[in-house]
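Note sheet for the following structure.
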Amino acid sequence: TTLFRSNELWARVKNGAANNDDRAYALAIDASGTVYVTGQSHNGSNYDYLTVAYDSSGNELWARVKNGPSNADDRAVAVAVDASGTVYVTGQSSNGPNLDYLTVAYDSAGNELWARVKNGVENGEDLANALAVDATGVDRVEDTDTGNRPQFFFEQFEVGFATLQVFVDSAQLRPPQ
C-alpha cells in the first residue's frame with residue numbers, strides 16, 4: 001500500500017499469515033486519515049478476505065481475515081467506511097459450484113459486527129462490484145448475477161438489516177421477490 005499526495009507519504013507491504021500470495025484490490029480513507037485496504041490472502045489452501053487498517057502515518061492498526069462459510073476461495077473487491085467508523089467490505093465467496101457475494105462490517109477497532117452472504121436470484125456467479133456508504137451509515141452493494149441472463153442486482157442494508165432489492169433485466173424493472 002502506498003499513499004501519495006504530491007509526494008509519497010508512506011508505503012507498507014502486508015504479508016499474510018501463510019507467507020503466500022496476497023493482493024490488495026481496494027482502499028478507503030476516513031475523515032481522520034485512517035486508510036483501509038482490502039483484498040485477498042492465500043492461507044495455504046485457498047484465498048480469504050484480508051482487510052488492514054493503517055493510521056495516517058502508515059502504522060498498522062489492525063488486520064482481519066474473513067473466511068467465507070464454505071471454507072473456499074474468497075476475494076474482497078470493495079471497501080467503504082461511514083462517519084461512525086464502521087468499515088464495510090464486500091466481494092465474492094465460493095460456495096462450491098458457484099460464487100455468492102459476502103459483505104462484512106467491522107467497527108473502528110476491527111471487531112466484526114456482522115457478515116452476510118447473498119446468493120442472487122439466478123443462483124449463478126454472483127460478483128460484488130462496488131460498495132457505497134451514505135451519511136446515515138447505509139451501505140449499498142452492487143452485484144452482477146451471471147446465471148441464465150445478465151442482470152444488475154442492487155441491495156441495501158439498513159438499520160435492523162431490512163433489505164431493499166432492485167433488479168434491472170433487459171431494461172425492465174422487477175419488484176423485489
Side-chain angles (χ1 to χ4, degrees), residues 1-94 99-118 126-143 154-161:
T1 302
T2 303
L3 183 63
F4 289 95
R5 285 195 184 139
S6 60
N7 59 342
E8 184 178 303
L9 299 176
W10 52 265
R12 298 294 179 269
V13 174
K14 179 66 178 175
N15 190 10
N19 195 29
N20 210 315
D21 186 26
D22 307 304
R23 300 176 187 187
Y25 291 109
L27 68 84
I29 303 173
D30 69 14
S32 68
T34 302
V35 178
Y36 303 91
V37 181
T38 197
Q40 65 184 27
S41 179
H42 200 274
N43 64 22
S45 300
N46 53 49
Y47 288 96
D48 294 324
Y49 282 22
L50 175 61
T51 303
V52 185
Y54 299 97
D55 68 18
S56 60
S57 297
N59 300 305
E60 185 175 312
L61 300 173
W62 52 263
R64 297 296 179 266
V65 172
K66 179 66 178 175
N67 187 11
S70 295
N71 195 31
D73 284 335
D74 308 302
R75 177 173 46 164
V77 299
V79 60
V81 60
D82 68 19
S84 69
T86 302
V87 179
Y88 303 92
V89 176
T90 196
Q92 62 193 40
S93 181
S94 176
L99 299 170
D100 294 331
Y101 75 81
L102 169 64
T103 303
V104 185
Y106 299 100
D107 67 17
S108 60
N111 300 305
E112 185 176 313
L113 300 173
W114 53 263
R116 301 288 184 271
V117 175
K118 182 66 178 180
D126 305 309
L127 308 172
N129 298 307
L131 176 75
V133 179
D134 67 19
T136 63
V138 177
D139 73 294
R140 294 170 178 81
V141 177
E142 294 180 5
D143 167 62
F154 171 88
E155 183 168 16
Q156 177 174 331
F157 297 97
E158 295 186 57
V159 176
F161 306 108

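- In this structure, the side chain of R12 engages the main chain of G58 through a donor-acceptor pair within 3.5 Å.
- Here D73 pairs with nothing under the side-chain hydrogen bond (donor to acceptor under 3.5 Å, both in side chains) rule; sequence neighbours left out.
- S57 pairs by the side-chain hydrogen bond (donor to acceptor under 3.5 Å, both in side chains) definition with nothing, not counting sequence neighbours.
- At least one side-chain heavy atom of V87 sits less than 4.5 Å from a side-chain heavy atom of W62.
- When side chains are defined from C-beta on, V79 does not count as touching Y106, because their heavy atoms never get closer than 4.5 Å.
- Taking each heavy atom of A80 and A28 in turn, the nearest pair found is CA-CB, 4.2 Å.
- Considering only heavy atoms from C-beta on, Y54 comes within 4.5 Å of K14 through its side chain.
- Listed here is the closest heavy atom pair of S84 and D82: OG-OD1, 2.8 Å.
- Checking side-chain atoms of T90 against main-chain N and O of L102 turns up a donor-acceptor pair under 3.5 Å.
- Taking CD from Q92 and CZ from R75, the interatomic distance works out to 4.0 Å, rounded to the nearest 0.5 Å.
- Across all non-hydrogen atoms, the minimal contact from V89 to A76 is CG1-CB, 3.5 Å.
- Residues satisfying the side-chain contact (heavy atoms from CB on, under 4.5 Å) criterion with S41, sequence neighbours excluded, are D22, L50.
- Between S93 and P69, some side-chain heavy-atom pair lies under the 4.5 Å cut-off.
- Under the side-chain contact (heavy atoms from CB on, under 4.5 Å) criterion, A109 pairs with D107, N111, sequence neighbours left out.
- Taking 4.5 Å as the limit, every side-chain heavy atom of N43 sits out of range of all side-chain heavy atoms of N20.
- Listed by chain and number, the residues in a side-chain hydrogen bond (donor to acceptor under 3.5 Å, both in side chains) with T34 are S32 (sequence neighbours excluded).
- For the pair E60/V52, a side-chain contact is recorded, criterion being any heavy-atom separation below 4.5 Å from C-beta on.
- The ring pair (Phe, Tyr, Trp, His ring centres under 6.0 Å) pairs that include a residue from residues 20-45 are H42-Y47, where partners are two or more places apart or lie in different chains.
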